[in-house]
Amino acid sequence: MTGARAAGHRPYTRFRPHTPARPCFRCRTCGAHWPCQPARLALLRAYRDNRVGLMIYLAGQLQRALQDLPHADPAALAARIVYWVPRNRPP
């Protein structure tokens, strides 16, 4: 056996979701500020037909970040967590 099976890994363990670690709001997988690039791509894919749902989800994450990081600049957190979403849906 070769690859993941030889190492004792199951195929589904290779993908780790890029989710925020609280209270620091860094990615649990790669350590970058959340949402990292892989998280952004996954969110856009997951909410591709539900932009309002995506914005509601991100607004909730922003609220948690503001509570967890009281000394952080609110505008910078909003830019990082919410304002990256494209304004217009590509054709």
Side-chain angles (χ1 to χ4, degrees):
M1 291 191 342
T2 62
R5 289 185 188 250
H9 298 288
R10 295 187 177 136
Y12 60 84
T13 60
R14 292 194 309 176
F15 175 76
R16 290 187 190 151
H18 291 259
T19 56
R22 292 180 66 188
C24 64
F25 266 81
R26 288 192 168 269
C27 177
R28 291 181 189 272
T29 302
C30 66
H33 288 290
W34 192 88
C36 57
Q37 192 62 34
R40 291 177 183 193
L41 290 173
L43 288 166
L44 287 174
R45 191 177 318 118
Y47 287 93
R48 74 177 145 257
D49 295 325
N50 188 1
R51 182 180 164 84
V52 172
L54 173 59
M55 298 307 290
I56 290 170
Y57 172 75
L58 292 174
Q61 294 297 329
L62 176 60
Q63 178 184 10
R64 288 177 189 89
L66 290 169
Q67 291 171 349
D68 290 349
L69 305 168
H71 300 294
D73 178 22
L77 281 177
R80 184 176 110 196
I81 295 174
V82 177
Y83 297 153
W84 63 268
V85 177
R87 291 178 189 237
N88 296 322
R89 188 173 166 185

Straight-line distance of I81 CD1 to R40 CZ, nearest 0.5 Å: 10.0 Å
Contacts of A39 that satisfy side chain to side chain contact (heavy atoms under 4.5 Å, CB included) - sequence neighbours left out: H18, W34, P35, C36
Over all atoms of both residues, closest heavy-atom pair of P86 and L44: CD-CD2, 4.0 Å
Residues that, via side-chain heavy atoms closer than 4.5 angstrom, fall in one hydrophobic cluster with L41: none
Pairing residues for A72 by the side chain to side chain contact (heavy atoms under 4.5 Å, CB included) criterion, not counting sequence neighbours: L69, L77
Qualifying side chain to side chain donor-acceptor pair (under 3.5 Å) pairs, either residue in residues 73-84, two or more places apart: H33-R80
Contacts of R22 that satisfy salt bridge (charged side-chain N to carboxylate O under 4.0 Å, His left out) - sequence neighbours left out: D68
Set of side chain to side chain contact (heavy atoms under 4.5 Å, CB included) partners for A59, sequence neighbours left out: none
Partners meeting side chain to side chain contact (heavy atoms under 4.5 Å, CB included) with V82 (sequence neighbours left out): M55, L58, L62
Spacing of D49 atom CG and L54 atom CG [to the nearest 0.5 Å]: 12.0 Å
From CD (Q61) to CZ (R64), nearest 0.5 Å: 5.0 Å
Whether R28 side chain and P17 backbone form a donor-acceptor pair below 3.5 Å: no
